[in-house]
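As structure tokens, the structure follows; a few thoughts come after it.
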Number of protein chains: 2
Amino acid sequence: MKYSKATNYALHTMLFLAMETPNKPVGVHQLAERQNVSPTYLSKILTKLVKEGMINSISGANGGYTLSKNWEDISFLDIIHAIEGKSSLFDCCLYSNPECVIKDVMLSAEEKLENELRNKKISDLVKK
Amino acid sequence: MKYSKATNYALHTMLFLAMETPNKPVGVHQLAERQNVSPTYLSKILTKLVKEGMINSISGANGGYTLSKNWEDISFLDIIHAIEGKSSLFDCCLYSNPECVIKDVMLSAEEKLENELRNKKISDLVKK
DNA sequence: CTAATAAGAGACTTTATATATCTATAATAG
DNA sequence: CTATTATAGATATATAAAGTCTCTTATTAG
């Protein structure tokens with residue numbers, strides 16, 4: 001069990017935009033170069049963030065990506081969910097068992113993780 | 001990011017042994033049947049638990065698996081680590097960046113998850 | 001001692017997912 | 001119109017998970 005590289009790229013892109021964008025859009029080429037990843041692959045990841053309303057995309061010359069208006073409210077969990085999906089980390093009781101005490105424990109642990117990620121925002125890392 | 005089925009099998013096997021074994025060893029065939037998984041595959045998983053000292057294996061007729069002497073101290077985290085390994089969930093800064101604020105957040109979240117899993121033991125689910 | 005039982009080890013296969021790449025299309029500034 | 005930049009879809013490659021098969025080793029009932 002690992003977070004994907006895609007999640008890593010998404011988080012770093014959000015941080016980069018938050019730290020260095022005054023107002024001008026940043027092209028995927030520049031974002032990709034910073035992270036040592038191919039622009040076409042990164043653009044696929046960024047498209048997911050666009051669809052979730054976390055960033056805006058602007059086509060055409062001088063286009064690129066900017067943070068959405070509500071970017072200061074976006075949590076780590078939001079970004080992770082946008083990339084990894086929202087399904088539970090633990091799929092239990094593949095075999096038949098309606099109530100599963102193991103699942104209960106696993107889900108409670110997952111909640112602790114998510115609570116922490118929900119309380120941390122990219123904007124927290126910029127204010128300093 | 002998902003916990004593997006192997007982890008699920010391991011947790012359920014531990015619970016089954018804790019709940020239903022008085023003293024006699026249980027063969028992998030029976031354990032596998034309960035979970036609807038092939039015995040050969042399950043045995044690979046159980047070998048990992050043996051190597052970590054969580055269960056004992058007994059070869060030969062009337063052999064099988066029993067919980068280790070210290071089974072009541074074994075946490076969910078111990079079992080998960082035995083199967084999934086102990087490395088961090090988040091590999092950051094693939095590109096060069098010694099100190100990474102994103103990694104810090106991710107690791108703190110992972111700690112919350114691990115703390116919860118460390119405090120839950122299979123034996124907690126049996127005492128009732 | 002022998003036959004049956006059961007775990008362990010290693011090679012292999014299959015399936016699924018992550019990580020890309022390539023090409024074509026759409027939008028926009030100048 | 002042309003250069004630039006995002007989007008979409010198909011495809012390719014790499015890695016890991018999940019499962020199978022076969023052979024070996026250990027134990028014990030008889």
Can you check the [X] [atom1] to [N] [atom2] distance for me, whole Å?
X: A:I45; N: D:dA8; atom1: CD1; atom2: C1'; value: 16 Å
X: B:M1; N: D:dA17; atom1: CE; atom2: C1'; value: 16 Å
X: A:N8; N: C:dA18; atom1: CG; atom2: C1'; value: 14 Å
X: A:N36; N: C:dA20; atom1: CG; atom2: C1'; value: 14 Å
X: B:I55; N: C:dA6; atom1: CD1; atom2: C1'; value: 14 Å
X: A:Q30; N: D:dA6; atom1: CD; atom2: C1'; value: 15 Å
X: B:K2; N: D:dA18; atom1: NZ; atom2: C1'; value: 16 Å
X: A:I83; N: C:dT17; atom1: CD1; atom2: P; value: 17 Å

Any side-chain N or O of [X] less than 4.0 Å from the OP1 or OP2 oxygen of [N]?
X: A:Y3; N: C:dT17; answer: no
X: A:S43; N: D:dT7; answer: no
X: A:S57; N: D:dT7; answer: yes
X: A:K51; N: D:dA8; answer: yes

Worksheet entry | Side-chain H-bond candidate by donor/acceptor type, A:K2 with B:S87, under 3.5 Å |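 Yes, because at least one side-chain N or O of A:K2 sits under 3.5 Å from a partner of the opposite role on B:S87.
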On a heavy-atom basis, which atom in [X] and which in [Y] lie closest, and how many Å separate them?
X: A:S57; Y: A:V50; result: CB-CG2, 4.0 Å
X: A:I55; Y: A:L46; result: CD1-O, 3.7 Å
X: B:I79; Y: B:A10; result: CG2-CB, 3.9 Å
X: B:V26; Y: B:F16; result: CG1-CE2, 4.1 Å

Item to complete: Rounded to the nearest 0.5 Å, what's the gap from NZ on A:K48 to CE on A:M54? Could you check?
Response: 12.0 Å
What's the closest nucleotide to the side chain of [X] if the choices are [options]?
X: A:S4; options: D:dA18, C:dG8, C:dT19; answer: C:dT19
X: B:Y9; options: D:dG19, C:dG8, D:dA8; answer: D:dG19
X: A:K5; options: C:dA20, D:dG19, C:dA7; answer: C:dA20

Discussion item. Across nucleotides 20-30 of chain D, 5' to 3', mark each nucleotide with B, S or - according to how protein heavy atoms within less than 4.0 Å reach it.
Written reply: BB----BBSS-
Worksheet item: Which part of the nucleic acid, if any, lies within contact of B:K48, taking any heavy atom under 4.0 Å across all strands shown: a base, the sugar-phosphate backbone alone, or nothing?
Response: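 Here B:K48 touches no strand at all.
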Item to complete: Take B:E116 and A:S108, measure what side chain to side chain contact (heavy atoms under 4.5 Å, CB included) needs, and give me the verdict at the end.
Response: CA-CA 8 Å; B:E116 183 75 7; A:S108 86; 3.2 Å; yes
